[in-house]
Amino acid sequence: MSRIAKRFAETRASGRAALVPYVTAGDPAPDVTVALMHDLVAAGADLLELGVPFSDPMADGPVIQLACERSLAHGTSLRDVLAMVAAFRERDRETPVVLMGYLNPVERMGAETFAEAAGAAGVDGVLVVDLPPEESDELTGVLARVGIDPIFLVAPTTSSRRLEHVTAAARGFIYYVSLKGVTGSQTLDPAELGARLSSIRALTELPLGVGFGIRDAQTAAQVARVADAVVVGSAIVRLVEQFPAAPDQFRAAASALVREMRAAMDDARMAEAPAPV
Amino acid sequence: MKQAVDWAAFPDVRGHFGPYGGRFVAETLMGALDELQGVYEKYMKDPEFLAELDADLQNFVGRPSPLYHAERLSRELGGAQVYLKREDLNHTGAHKVNNTIGQALLAKRLGKTRIIAETGAGQHGVATATVAARLGLECVVFMGAEDIQRQSPNVYRMRLLGADVVAVKSGSRTLKDALNEAMRDWVANVDDTFYIIGTVAGPHPYPAMVRDFQSVIGREARAQHLEMTGRLPDALVACVGGGSNAIGLFHPFLADESVAMIGVEAGGEGVGTGRHSAPLCAGRPGVLHGNRTYLMEDDNGQIIETHSISAGLDYPGVGPEHSWLKDIGRVSYVSVTDDMALRAFHRMTRTEGIIPALETSHAVAHVLDLAPRMRTDQSVIINLSGRGDKDLNTIARLEGIEL
């Protein structure tokens, strides 16, 4: 069983939604990332999503764009990101790590070389934002050979015909984009979200993660009632801007936010659980 | 014998030109692109739509644009007869409007009320703002903050036309960043918004759709040259940024094997210096802005900053059909430096009384070199894709003159 499947089996068994923080690798500096990953796990993260910085992050809002620029100012490459995952794995063999990024750095390295290096580093899933299932055969093929799950997005605009296609190609979990917009956008409608997730559940057994637009503990708790996983990115990455010269304070603030979200999510699920007889 | 290519078979149903093109976007846009492909395929076969498009091109744009024999320049060069396809005479001063008219008519049929566009030199932005004003549609144009500086007359023109011009301050603050920002806007407003891409790049169906709207250039030029001379031209030359004016001229001639085609990229300070915008001459295939194509990138796959004196060519990618035409050898691609383009700008202005855009001047520069090496009974068509009024500030500043 893959680390991702194992982790979702655990969270489901304990009646919790998984909390998945996203950080951009190399932001604010490459030597912060591995320690930050351990911090996030200690604060209550179940999976980690690690952003691979790209010069033209078309699907991201200003917060992640700036994170990419800060990371790239240090020259962070895809190989560097894989080295960070390998370093993280020296002390943590349990927490699944999903890379999220854009296709061109992977193409430049070569899909096969990338898959082998990612497998060796201990990567569990890969989400390439600008690679829809229609164009993904080559990459998903080489990822499958090294046991890495291709993660795909489903959006509010995904038609039911496409939904069948996407769920057939996806492994690990489905990443549901909770709103029409880029990462870090403002609004999320929990009622509409629940209805959409039900229609996806009719087509797949895979866990459903929800991201884009989860800004605070209260929203995280609302999403945790209906989703298997809650992905939080911009709300964490935004904290870097509050402590531009103090990475330790940023790590502490990120941990505090994740702890707060964890508590709110778990309270929300407990409140829903049937009362003991 | 060489196998004939069925040019009409490209792109394939998923938008591929050989290994190039395709649809590389986030899931949120896939539905909108399917919808766009559907209306585009439907209306390009719809006689009523095509009649409306033709009437607009004739009465609003002023088509057909003349094919002009540049006799004085031809005599001076002492070689091939040089013909200019006068897209600079179109309403709004460039070829861009051929495409924006077509896409705006599609937007109307889709019931979209808001138009967005990216622009580099501002020509596509002006052409979009123009058709939006005429159809009463809201219009937002994304433009790199650096380009807003160097193309201020076009910015003012867009605002006069009622467009909201948004300064893009991310990345290199030029055309590629404007395209990123337009895509982000489209994702957020996909229900009521139509994105008019200005070049033959982007996700499928844009490269094919923009090509089809721009092909009016080549269809006219082919018929005009045949009528004027009784034969086909020997060579076609056009500048290539994203490559819409070039593909518009080239495409109707692809099956004419005797016609050579040359796309001219922006060599900036020289392709050897690294400061240029010539992905076909000095780049590698990769994926950017929704399609696989030749790109300017570093060893880690990050897109690198480009340089050109002309904002409209200052782009790290190129339309995927050009990448394919390069690989199969049907079109050759060369580059011309900033200095060569400037000299050609002055030469055309003084010799023929036509002030070309700096983008177009790259194509002119190549012909200054090519024509003398051809016979006087041969001919070459330059796509005179735009007029140079918008560049007067840039040229004057280079010459130390305050306007």
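Residue numbering restarts at 1 for every chain, and letters A, B, ... go by the order of the sequence lines. These numbers were taken from a predicted model, which means no experiment stands behind them.
- Highest contact tally toward chain B, considering only A:Thr157, A:Asp56, A:Leu153, is held by A:Asp56 [criterion: heavy-atom pairs under 4.5 Å].
- Heavy atoms closer than 4.5 Å to chain B are found nowhere in A:Asp80, neither backbone nor side chain.
- Looking at A:Leu78, neither its backbone nor its side chain comes within 4.5 Å of chain B, counting heavy atoms on both sides.
- We find the CH2-CE distance between B:Trp186 and A:Met58 to be 10.5 Å, quoted to the nearest 0.5 Å.
- Looking at A:Leu72, only its side chain comes within 4.5 Å of chain B, counting heavy atoms on both sides.
- Judged by distance alone, with hydrogens and angles left aside, the side-chain atoms of A:Ser55 form no donor-acceptor pair with the main-chain N or O of B:Gln302 at under 3.5 Å.
- Only the side chain of A:Val177 comes within contact range of chain B, with heavy atoms under 4.5 Å apart.
- Side-chain contact check for B:Asp34 versus A:Arg161: some heavy-atom pair is nearer than 4.5 Å.
- Ranked by heavy-atom pairs shorter than 4.5 Å toward chain A, the options B:Asp191, B:Val190, B:Asp177 are led by B:Asp191.
- Per-residue heavy-atom pair counts under 4.5 Å with chain B were compared for A:Val128, A:Leu131, A:Asp60, A:Val106, and the maximum is reached by A:Asp60.
- At distances below 3.5 Å, not a single donor-acceptor pair connects side-chain atoms of A:Arg79 with backbone N or O atoms of B:Asn300.
- For the pair A:His165/B:Met30, no side-chain contact is recorded, criterion being any heavy-atom separation below 4.5 Å from C-beta on.
- The backbone N or O of B:Gly301 sits less than 3.5 Å from a side-chain atom of A:Asn104, completing a donor-acceptor pair.
- Counting heavy-atom neighbours within 6.0 Å of B:Glu41 CD, excluding the residue itself, gives a total above 12.
- Under a 3.5 Å cut-off, the side chain of B:Arg14 and the backbone N or O of A:Glu134 do form a donor-acceptor pair.
- Neither the backbone nor the side chain of A:Ser159 has a heavy atom closer than 4.5 Å to any heavy atom of chain B.
- Under 4.0 Å is where a charged nitrogen must lie from a carboxylate oxygen, and between A:Arg108 and B:Glu297 at least one such pair does.
- The parts of A:Pro57 that come within reach of chain B are both its backbone and its side chain, each placing non-hydrogen atoms under 4.5 angstrom from that chain.
- Of the two parts of A:Val166, only the side chain, counted from C-beta on, holds a non-hydrogen atom closer than 4.5 Å to a non-hydrogen atom of chain B.
- Two residues are said to be in side-chain contact when any heavy atoms from C-beta on lie closer than 4.5 Å; A:Phe152 and B:Glu27 fail this criterion.
- A:Glu107 touches chain B through its side chain: at least one heavy atom from C-beta onward sits under 4.5 Å away, while N, CA, C and O do not.
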